[in-house]
Each structure stands twice: as C-alpha cells, then as structure tokens.
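Here's the structure, in structure tokens; my notes come after.
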Amino acid sequence: MKRMRLMVLALFFVASGAQAQTADEIITNYFENTGGYANWGALKGVKMNFKVNQGGMEIPIEVVQLADGKQYTKVSLQGNDIMQGVYDGNVLWNTNFQTMKAEKADAETTANHKLNTNDFPQDLYNYEKKGYKLELVGNETVEGTETFKIKLVKEPVTVDGEKVDDVVYYFFDKENFVPIAQESEVVSGPQKGIISHISFSDYQEVEGLYFPFSISQGVKDGPSQPITIDAIEINPEVDESSFAFPEGE
C-alpha cells in the first residue's frame, strides 16, 4: 500500500510538470509561429488604425504603443481628434467628451496603467521574468474550434485601495498555436464583475510578425463590437509631444 501511494504521488508530480511544460511549449510555439521570439523582443513600437461602427457611423481610431510604455488612443470624431488613454511614462490622461478638456487620471488608475505598460509587446512575452504565473487549465471548444485554455496570473492591481488578482485566460487554437480568444473579469468601474471576451482572427503578416486583423470585443455570451484593422505599422516614428499633457488646459 505504501509503495502504491508513492507511485501515485510520483505520477502526480510528473503529470503536473508535464502540464506546466505543455503550457510553455504552447507559448513558445505561438511566438515562433508568429515571427520568432527574438523578433518580438526587438519590437520598439506598434501603430494600429481601425474603425468602429457606432449607430451606423464609422469612427476612425489610431492606437500607438511603444516599448518604453508611452501610448495613446486617438479618436477622430466630427472633425476633432479626441485623445484617450494617453501615457507619457509618468502622467496618464484622457479627454473629457463633454467638456473636450484634458483631465489627468487619479493616482490609483495611473499606477494600474503603469503595470500594464510592462506587458509590451504582449503580456505572455517573458512572463516568467515579470513574475507572472502560467497554467494550462485544459481544453475547451470556442466557437467550434478546439483550443488549449491557458491561465495567466499577472501582478495584482489596486481597486479602492485593495489588491485584486489580475487574471487573464487565453484560448489557443490547437492547430496553429495562436490565441483566438481572451477572457478576464472586469474588477472596477460600472461593469465590475462581468467577464470581458475578446476574439481574434484573420492573422496577417506585417514585416515578419503576425497580428490579428479582425477583433471582436464585448461581454462573454453577450453583445460585442467588431473591429477590422485597416493598417498596422511596425516601429513608427511618433512625435513625443503627442503624449504630453496639455498643461495650458
């Protein structure tokens, strides 16, 4: 009986190790299949241009993310460029849609945002060096596709002064080893508690790296907003003033 227990424990630890190794292999295959680990690490910035449909009106949006953490989202609406989620490495700010004035985010929101800037080019890249934990949860069918479900536990975020786990689930296509969906629980704001669901498809090559050009973002088992990317630019030249908070306002 004692020997049987030892064998069971040994099998348990072997299985656990194999599962962790399998999760690493999935991530390794993903980065290699989409351009190579070294090439992703050499990425200095990305600029994306796409449109969203609101009430029958197409709204152009430009998103810039740089390796040093600087980023912005520019919404072109009725002849105005409205800046959102602008971060210069220190200050996070947005444009108030009602007053059209720039407003700085509070300290807690800024601190949480700064954590996310560590995830360029992706949160799965070099996850171990960031102190993140990766786990293969199992298999799941997503929109008719067999996938590996992977759990990524990142640094906790702060919500109302309390530390809250930041957990993301990825669903990797078993055939191509690319994520076709991502889910996470909203931990703050008016949508707190709902499960955010983002789907990815139409992977295309951009200067040797592969990006999804079709994205749908919404609520799990609920409505979603389709996004079709028009263009992606690698290592764009961006004027530093684009990130600066307009102090005169």
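- Panel note: side chain Tyr37, backbone Thr28; no donor-acceptor pair is recorded below 3.5 Å.
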Distance-only criterion, 3.5 Å: show the donor-acceptor pairs between side-chain atoms of residues 54-67 and protein atoms not counting sequence neighbours.
{"residue": "Glu62", "atom": "OE1", "partner": "Asn49", "partner atom": "ND2", "Å": "3.3"}
{"residue": "Glu62", "atom": "OE2", "partner": "Tyr72", "partner atom": "OH", "Å": "2.6"}

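- Of the residues Asp123, Asp119, Asp166, Asn126, the one that meets the side chain to side chain donor-acceptor pair (under 3.5 Å) test with Tyr132 is Asp119.
- If you take CZ on Phe213 and CG on Asp202, they are separated by 7.5 Å, rounding to the nearest 0.5 Å.
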Side chain to side chain donor-acceptor pair (under 3.5 Å) between Ser76 and Asp81, intermediate numbers included: CA-CA 5 Å; Ser76 298; Asp81 287 336; 3.0 Å; yes
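- Heavy-atom contacts from other residues, nucleotides or ligands closer than 6.0 Å to NZ of Lys114 number 12 or fewer.
- Residue Val168 is grouped with residue Ile215 when hydrophobic side chains (ILVMFWY) are merged at heavy-atom distances under 4.5 angstrom, including chains of intermediate members.
- Proximity of a side-chain donor or acceptor of Asn235 to a complementary backbone N or O of Lys44 within less than 3.5 Å is detected.
- Using a 4.5 Å heavy-atom threshold, the side chains of Ile82 and Phe97 count as touching.
- Take Asn80 and apply the side-chain hydrogen bond (donor to acceptor under 3.5 Å, both in side chains) test, not counting sequence neighbours, and it matches no residue.
- Rounding to the nearest 0.5 Å places CG of Asn90 at 12.5 Å from CZ of Phe245.
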Full working for side chain to side chain contact (heavy atoms under 4.5 Å, CB included) between Val52 and Gln225: CA-CA 8 Å; Val52 296; Gln225 170 71 60; 4.1 Å; yes
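- Side-chain contact, Thr158 with Lys163: a donor N or O sits under 3.5 Å from an acceptor N or O.
- Both Val153 and Val137 belong to a common hydrophobic cluster when Ile, Leu, Val, Met, Phe, Trp and Tyr are linked at side-chain heavy-atom distances under 4.5 angstrom.
- Residues Leu209 and Ile232 form no side-chain contact, since every pair of their non-hydrogen atoms from C-beta on lies 4.5 Å or further apart.
- Each of Leu115 and Leu124 belongs to its own hydrophobic cluster when Ile, Leu, Val, Met, Phe, Trp and Tyr are linked at side-chain heavy-atom distances under 4.5 angstrom.
- Side-chain contact check for Glu183 versus Phe171: some heavy-atom pair is nearer than 4.5 Å.
- Panel note: side chain Ser184, backbone Val167; no donor-acceptor pair is recorded below 3.5 Å.
- Summarising the geometry, atom NE2 belonging to His197 is positioned 10.5 Å from atom CD belonging to Gln217; distances are rounded to the nearest 0.5 Å.
- Within the 3.5 Å criterion, the main-chain N or O of Pro156 finds no donor-acceptor partner in the side chain of Asp165.
- The shortest non-hydrogen separation linking Phe200 to Pro179 is CB-O, 3.7 Å.
- Exactly one of Glu205, Met48, Gln204 qualifies for a side-chain contact (heavy atoms from CB on, under 4.5 Å) with Phe211. That residue is Met48.
- Using modelled atom types, no side-chain atom of Lys151 and backbone atom of Lys133 make a donor-acceptor pair closer than 3.5 Å.
- Classification of the Tyr30-Phe172 ring pair by plane angle, with boundaries at 30° and 60°, yields perpendicular.
- Looking only at atom types and distance, the side chain of Ser242 has no donor-acceptor partner in the side chain of Asp239 under 3.5 Å away.
- Summarising the geometry of Trp40 relative to Gly35, their closest heavy-atom pair is NE1-N, 4.2 Å, with the distance given to 0.1 Å.
- The CD atom of Glu140 sits 12.0 Å away from atom OG1 of Thr145, with the distance rounded to the nearest 0.5 Å.
- Judged by distance alone, with hydrogens and angles left aside, the side-chain atoms of Glu146 form no donor-acceptor pair with the main-chain N or O of Asn139 at under 3.5 Å.
- Panel note: side chain Asn33, backbone Asn176; a donor-acceptor pair is recorded below 3.5 Å.
- Here the closest non-hydrogen pair linking Glu155 and Asn118 is OE1-ND2, 3.7 Å.
- Between the side chain of Trp93 and the backbone N or O of Phe243 there is at least one donor-acceptor pair closer than 3.5 Å.
- We find the NE2-OH distance between His113 and Tyr87 to be 6.5 Å, quoted to the nearest 0.5 Å.
- At distances below 3.5 Å, not a single donor-acceptor pair connects side-chain atoms of Gln71 with backbone N or O atoms of Gly85.
- No single ILVMFWY cluster, assembled from side-chain heavy atoms under 4.5 Å apart, contains both Leu92 and Val238.
- Interatomic distance, CD of Glu185 versus CD1 of Ile195, reported as 5.0 Å (0.5 Å rounding).
- Taking each heavy atom of Asn96 and Glu103 in turn, the nearest pair found is ND2-OE2, 3.0 Å.
- Leu43 has its side chain within reach of Phe120: a pair of non-hydrogen atoms, C-beta onward, lies under 4.5 Å apart.
- The minimum heavy-atom distance linking Lys70 with Asp88 is given by the pair CE-O, 3.7 Å.
- The nearest pair of heavy atoms linking Phe50 to Ile229 is CB-CA, 3.7 Å.
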